[in-house]
Asker: 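Have a look at this one.
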Amino acid sequence: QVELVESGGGLVQPGGSLKLSCVASESGFTPYIMAWYRQAPGKEREFLADIRGHGVANYADSVKDRFTISGDIGKKMVYLQMNSLEPQDTAVYYCNQDFRYWGKGTLVTVSS
């Protein structure tokens, strides 16, 4: 069973930055893809970005100019650098591995 643990969430003022981290437990295999999603109150879970083993990243249009995904797939670690945060970025942010495994999420609140 793969366990994903996110960290780095918290309260930040509008215009600020946060960096989220996700670490996957040892599972005996190397992930193919790791991704970040978020879910705001009352809304569906939303794709943000993903990264594959060769380092190619893919972004949702809504965040591509402000968020950067990075990581080491082989070490089962992925990060999400979020800049110029806005109140509408307030959500629980989730890590995903191979379209199958989810972490429990980390809450990001953007408010003055």
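Since this is a predicted model, take the numbers as computed values, not measurements.
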Asker: Find out whether K76 and P31 are in side-chain contact, i.e. whether some heavy atom of one side chain is under 4.5 Å from a heavy atom of the other.
Answerer: yes
Asker: Please examine the side chains of Q81 and S70, heavy atoms only from C-beta on, and report whether any two atoms are closer than 4.5 Å.
Answerer: no
Asker: Look up atom OG1 in T68 and atom CE in M82, then write down how far apart they are to the nearest 0.5 Å.
Answerer: 11.0 Å
Asker: Show me the pairs that pass salt bridge (charged side-chain N to carboxylate O under 4.0 Å, His left out) and involve residues 35-47, at least two apart or across chains.
Answerer: R38-E46, R38-D89
Asker: If you look at every heavy atom in M34 and I73, which pair is closest and at what distance?
Answerer: CG-CD1, 3.7 Å
Asker: Below 4.5 Å, heavy atoms only, C-beta onward: do W36 and V78 meet side chain to side chain?
Answerer: yes
Asker: For the hydrophobic clusters of this structure (ILVMFWY residues joined by side-chain heavy atoms under 4.5 Å, transitively), does one cluster hold both L85 and L48?
Answerer: yes
Asker: Sub-3.5 Å donor-acceptor pair from the side chain of Y59 to the main-chain atoms of R66, do we have one?
Answerer: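 Looks like no, no N/O pair under 3.5 Å.
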Asker: Mind checking the OG-CE spacing from S21 to M77? Nearest 0.5 Å is all I need.
Answerer: 7.0 Å
Asker: Within a strict 4.5 Å, meaning less than it, do heavy atoms of the N58 and F47 side chains meet?
Answerer: yes
Asker: Find out if a path of hydrophobic residues (ILVMFWY) with successive side-chain heavy-atom gaps under 4.5 Å connects Y93 to V63.
Answerer: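 Cluster IDs for Y93 and V63 match.
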Asker: Provide the closest heavy-atom pair for A24 versus V2 in the form atom of the first, atom of the second, distance.
Answerer: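 Nearest heavy atoms, A24 then V2: CB-CG1, 4.4 Å.
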Asker: Would you compute the distance between atom CZ of F67 and atom OG of S17 and round it to the nearest 0.5 angstrom?
Answerer: 9.5 Å
Asker: Going from CG on L107 to CD on Q39, what distance comes out if it is rounded to the nearest 0.5 angstrom?
Answerer: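 CD of Q39 is found 12.0 Å from CG of L107.
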Asker: State plainly whether one hydrophobic cluster holds both Y79 and L18, where clusters connect Ile, Leu, Val, Met, Phe, Trp and Tyr through side-chain heavy atoms under 4.5 angstrom apart.
Answerer: no
Asker: Please report the shortest heavy-atom distance between P14 and S111, naming the atom on each side.
Answerer: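 Minimum heavy-atom contact is CD-C, 3.6 Å.
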Asker: Can you check side chain to side chain contact (heavy atoms under 4.5 Å, CB included) on V110 and L11, steps first, answer last?
Answerer: CA-CA 6 Å; V110 184; L11 174 64; over 6 Å; no
Asker: Considering only heavy atoms from C-beta outward, does the side chain of I33 approach that of I51 to under 4.5 Å?
Answerer: no
Asker: Determine yes or no for a side-chain-to-main-chain donor-acceptor pair under 3.5 angstrom, with S25 supplying the side chain and E3 the backbone.
Answerer: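 Indeed, once roles are kept as given, a pair shorter than 3.5 Å links the two residues.
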Asker: Test side chain to side chain contact (heavy atoms under 4.5 Å, CB included) on E6 and Y94; report intermediate values, then the result.
Answerer: CA-CA 7 Å; E6 303 96 336; Y94 296 92; 4.1 Å; yes
Asker: Please check: side-chain N/O of D98 versus main-chain N/O of Y32, any donor-acceptor pairing under 3.5 Å?
Answerer: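 The answer is yes, because a donor-acceptor pair under 3.5 Å joins these two groups.
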Asker: Verify whether the ring centers belonging to Y37 and W102 lie closer than 6.0 Å.
Answerer: yes
Asker: Using a 3.5 Å distance criterion without hydrogens, assess whether the side chain of T106 forms a donor-acceptor pair with backbone atoms of G9.
Answerer: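 Yes, the answer is positive, given that a donor and an acceptor are paired below the 3.5 Å cut-off.
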